[in-house]
Amino acid sequence: MALVTERIKTEVKEIVYDFFADECEVNKSEISDQTNIINDLDGDSLMFLELIEIFKKKYALEIELKTIGKYAIKNPVETIGQLIDMQILIIEHENRILELV
Amino acid sequence: MARRVVVTGMGIVSSLGLNLESNWNRLVAGQSGVKPITLFDASMNQTRIAAELPAEFEEHYRKYIKKRAASQMTRVTKMCIVAAKDAVKHAGIDFELYDKTRCSVIIGVVNTGNSSVEKNTTPQNTVFKSMTNAMSAWISLEYQLLGPNFAINTACASSANAMAFGYDMIHNNQADIIIAGGADSIINKEEIQGFNALYALSINNDPPEKASKPFSVDRDGFIIGEGAGVIILESEESANRRGATIYAELAGYGISSEGYNIMAPMKDGKGMAYTIEKALKSTGISKEEVDYINAHGTSTELNDRYETLAIKQVFGEQAYNIPISSSKSMLGHTIGAAGTIEGIVTILSIYHDIVTPTINLDHPDPDLDLDYIPNTSRSKKVQVALSNSFGFGGHNATLVFRKY
């Protein structure tokens with residue numbers, strides 16, 4: 001289990017906000033933790049996968065997509081805040097994230 | 001109850017421009033879109049010229065497609081989306097006012113253009129870029145349409161077939177509005193080499209604008225073009241109810257398979273003639289009523305010879321009185337998009353009473369003695385016009401348009 005510091009949490013939030021602002025062509029100031037990814041940003045599920053790839057590389061995570069998929073089925077993500085929380089859990093627990101279910 | 005099918009909107013992107021108006025103006029002016037290839041280094045290819053879209057397209061499409069969606073599309077798919085959105089806008093349709101289960105999309109697609117010239121293909125987007133149903137799906141998504149959306153591949157007749165099936169769906173009361181069309185680009189090293197190996201392409205590289213010369217004695221093959229054409233087919237009832245401008249009626253069509261050869265048309269144009277006959281029969285329009293034919297006119301030895309023979313077989317002496325022209329002399333051969341792009345040229349010929357020329361017809365083939373509208377467009381009352389499309393594999397299609 002990795003220690004997720006406040007610095008990492010801030011970093012994750014910054015990356016997620018920047019990613020959606022860039023991909024969805026919206027001003028970053030228009031995004032909040034309550035923003036709905038599909039309804040408000042016209043986003044798609046692939047974005048979630050792309051972000052996971054970004055974090056896997058950045059933090060050298062050992063986690064399989066199918067593991068995340070199983071977790072996400074039971075813990076669906078709709079908002080930016082929920083997505084950030086899940087990314088932090090993935091960084092923290094990697095493949096053991098399913099033990100949280 | 002069989003219903004009449006009308007055309008209420010059109011969109012084109014091609015080498016002659018990125019909108020309908022510039023395309024029509026330049027076609028009437030008899031201008032060529034053929035230039036040296038810039039999409040890749042063609043210096044080692046036998047054919048080094050093509051009718052590419054203007055470079056401005058790379059900026060132009062951004063006004064139509066969001067970055068996120070664009071990253072999942074090929075350049076060809078983007079062409080199709082731009083033409084489709086222009087066509088919908090041209091038609092003035094607000095899909096929110098329609099029963100979306102009766103609005104469909106049918107796109108002729110030979111390939112999506114996910115070739116060696118396509119940029120920014122990644123493992124994450126390669127499937128979306130390669131799906132031949134991507135264009136119809138993206139258009140359907142754009143307007144959240146609930147009628148069937150699908151792709152048709154009949155080679156160079158693909159988008160003509162798309163319009164034909166669209167006609168059937170409206171005619172048979174299965175739909176009220178069809179977004180029909182096609183998009184294509186095979187301007188890449190591998191496919192040009194492939195067509196060169198079949199001796200299908202012109203190798204008269206200099207000057208580029210003179211290379212595509214249908215019906216000429218010195219024609220030596222076609223020139224590849226790229227682009228997209230999309231039309232809005234609508235039931236007459238729907239169009240009249242909303243007071244739409246009707247550009248022409250799609251009166252009927254003929255499609256057929258030659259069962260003869262994977263590349264060559266049936267000898268003496270028999271398959272082509274059968275298709276034209278079938279198209280006319282579907283409408284009840286007499287041969288004497290046909291005022292113009294937009295030919296397949298590829299500038300290959302066989303097509304132009306056999307298409308001429310086919311027209312003579314169908315129309316007899318009347319063939320000499322019908323102006324015929326090849327848009328490919330200006331646009332090159334846009335393959336999967338050709339049926340719709342040339343259909344649009346035909347519709348606009350009816351709407352404006354102007355027939356566009358076959359350019360580069362300076363040395364007519366003495367065996368091909370019909371009126372091919374050489375080099376200069378012509379004012380002519382056009383009540384009924386045909387548009388021919390013939391594809392590798394023996395796929396034939398003739399569309400019949402009538403002034404409304």
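Keep in mind the model is a prediction, meaning the values are calculated, not measured. Chain A is the first sequence line, chain B the second, and so forth, proteins listed ahead of strands; every chain is numbered from 1.
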Would you give the length of the straight line joining atom CD of A:Glu53 to atom OG1 of B:Thr122, rounded to the nearest 0.5 angstrom? 10.5 Å

Is there side-chain contact between A:Leu49 and B:Gln124, with at least one heavy-atom pair below 4.5 Å? no

In plain terms, say whether A:Glu25 and B:Arg62 are close enough for a salt bridge, that is, a side-chain N and a carboxylate O under 4.0 Å apart. no

Neighbour count >12 (heavy atoms, 6.0 Å) for atom NZ, A:Lys28: yes

Tell me whether the count of non-hydrogen atoms from other residues, nucleotides or ligands lying under 6.0 Å of NZ in B:Lys67 goes above 12. yes

Strictly below 4.0 Å, N to O, side chains only: are B:Arg68 and A:Asp44 in salt-bridge contact? yes

